[in-house]
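Report on one structure; see the data block that follows.
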Amino acid sequence: MDVILTVAYGKVCDYPTYRAFLNSFQAIGRPDLKLVIVGGNMSRSARVATQSSGAELLESSARLNDPGNKQRHWDFAEYLCRNQHSIRHVLTVDSRDTILQSDPFTFAAFDAGVRVLFSAESVLIKDDPWNQQDQTAFHRSIRRACRRESFRNWPVINGGFVAGSATAIADFQLTRFAVDAREGDGTDQGSLAALANWTRDWPGYQIVGDNQPWVFHGHWLAKCERAAVRDDGFVVVRSTGEPYRAFHQWDRTASLEPLLRRFG
C-alpha cells in the first residue's frame, strides 16, 4: 500500500479547491492507494465530502499550540511509526491547492530504492526575496558551525511535498519536527531546504526539479520555460509533453477554471 498524507482544518475544507483535490485522488482509482488526512474543525458537508472520497480522517493526538505548520510533522511521524509495516511509500502534500494529475508513485525514483524525495521549485533562493529572507532567518537560528554561505545558490525546496519509503519518512518527519522545535525565526520550508541541500549527495536522497514529471509548483509557471499547460488545464514537461504527477498551486494559474470543471 502507498499513502498520500496531508492536513485539512477549518474553512479551508469548504474551498472548491479542496474538493477538487479529493476528486482528483478518487480519479486515480487505485485500490491500494490510500489518502490519510489529519484534520478537524470541519463543516459537516466538508467532513462528508472527505469521507466519501475514501480518505481516512484522523484527529491529531496532541495539540502543540503551534501557529504554523510544524504540528503536521509530529502527526505524520506518529502515524507512520504506528503503520509503517503496512505502507510501502508515502507522499506528503498540501490539500488546499493540489491536483493529482496521475498516480504520484509511478514516478521512476520510487522503483529505484529512493529513501527521501524533495520537490524543488523553479527558482534559486537568491532569486526570490521571500525565500532568501526565510533561509537567512533559519541560518541565524542555528549554530554558526552549521551555517552555509552557499545557501543563496540552493534551489527552493517546497515545504509541503516530501516522499519516500514509509520507514525513512517516519524518521524524517520526526527530524523535521525536532529541527523546527528550536527557538528562532524561519519557517519549516526554510529548514527543509537546508536539510534537503545538506543531504543531496547521500545515497537515496534526491531533489527533483521541474525538468522531471513529478511535482510542479504553479506559482512559477509564468517564469518557467520547462513547463507548459495543455488546453485541459494539465501542466506538462514542455520538452516531452508528459504531465507532472501533481500540480501544486494550480489555483494561481489559468488552469483554475478548466481544472475546477474537471474535478470540482
Side-chain angles (χ1 to χ4, degrees), residues 1-7 28 30 32-36 38 69-95 98 100 102-122 125 135 138 142 146 148 150-151 153-182 187-217 237 242 244-246 248:
M1 177 176 67
D2 295 328
V3 169
I4 297 171
L5 263 176
T6 191
V7 296
I28 294 173
R30 188 182 132 195
D32 62 341
L33 178 61
K34 186 176 184 179
L35 175 61
V36 177
V38 181
N69 293 318
K70 300 167 189 177
Q71 169 79 41
R72 60 181 169 172
H73 308 315
W74 175 275
D75 293 329
F76 292 168
E78 181 180 12
Y79 173 81
L80 291 172
C81 283
R82 294 186 184 279
N83 297 277
Q84 59 185 299
H85 298 300
S86 62
I87 300 171
R88 185 179 60 158
H89 294 123
V90 61
L91 165 67
T92 68
V93 305
D94 292 341
S95 64
T98 299
L100 299 170
S102 63
D103 184 346
F105 297 104
T106 61
F107 184 58
F110 290 101
D111 291 327
V114 65
R115 283 183 55 80
V116 181
L117 284 182
F118 307 97
S119 179
E121 300 189 13
S122 306
I125 287 175
Q135 193 59 230
F138 170 72
I142 60 177
C146 297
R148 298 288 186 272
S150 60
F151 76 75
N153 293 313
W154 289 351
V156 171
I157 306 298
N158 187 270
F161 291 76
V162 178
S165 68
T167 52
I169 298 300
D171 291 340
F172 188 75
Q173 289 293 337
L174 193 57
T175 298
R176 290 191 73 182
F177 177 80
V179 170
D180 287 321
R182 73 193 188 287
T187 70
D188 64 343
Q189 178 156 305
S191 57
L192 180 64
L195 288 169
N197 283 281
W198 288 340
T199 60
R200 64 186 306 161
D201 295 326
W202 291 13
Y205 289 73
Q206 182 181 347
I207 296 174
V208 182
D210 58 13
N211 61 325
Q212 300 183 65
W214 188 43
V215 180
F216 185 77
H217 304 281
V237 179
E242 184 175 359
Y244 295 89
R245 270 58 169 186
H248 179 222

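Numbers here are sequence positions counted from 1.
- For the pair Tyr244 (side chain) and His217 (backbone), a donor-acceptor distance under 3.5 Å is absent.
- In this structure, the side chain of Arg176 engages the main chain of Asp188 through a donor-acceptor pair within 3.5 Å.
- Of the possible donor and acceptor atoms, one in the side chain of Gln135 sits under 3.5 Å from a partner among the backbone N and O of Gly190.
- A salt bridge between Asp171 and Arg115 is absent, with no side-chain N of the basic residue lying under 4.0 Å from a carboxylate O of the acidic one.
- Residue-environment remark: CZ (Arg30) exceeds the threshold of 12 foreign heavy atoms within 6.0 Å.
- Only one option out of Trp214, Phe216, Phe161 pairs with His248 in a ring pair (Phe, Tyr, Trp, His ring centres under 6.0 Å); it is Phe161.
- Using a 4.0 Å cut-off between charged side-chain N and carboxylate O, Asp32 and Arg88 make no salt bridge.
- Minimum interatomic distance between Tyr79 and Lys34 (heavy atoms only, all atoms of both residues): OH-NZ, 3.9 Å.
- Results of the side-chain contact (heavy atoms from CB on, under 4.5 Å) test with Phe105 over Ile28, Val90, Val3, Asp2 single out Asp2 as the only residue that passes.
- The shortest heavy-atom contact between Ser119 and Val215 is OG-CB, 3.5 Å.
- Each of Asp75, Leu80, Ile169, Leu35 was evaluated against Leu5; a single residue qualifies, Leu80, per the side-chain contact (heavy atoms from CB on, under 4.5 Å) test.
- Between Asp180 and Ser191, the side chains place a donor N or O and an acceptor N or O closer than 3.5 Å (distance only, hydrogens not considered).
- Nearest heavy-atom pair across Pro104 and Ile4 is CG-CD1, 4.2 Å.
- A donor-acceptor distance shorter than 3.5 angstrom exists from the side chain of Gln189 to the backbone of Gly159, with no hydrogens or angles considered.
- The side-chain heavy atoms of Arg200 and Pro155, taken from C-beta on, include a pair separated by under 4.5 Å.
- Taking all atoms of both residues into account, the shortest heavy-atom contact from Leu195 to Thr199 is O-OG1, 2.8 Å.
- Aromatic ring pairs are classed by plane angle as parallel below 30°, tilted from 30° to 60° and perpendicular above 60°; the pair Trp198 and Trp154 is perpendicular.
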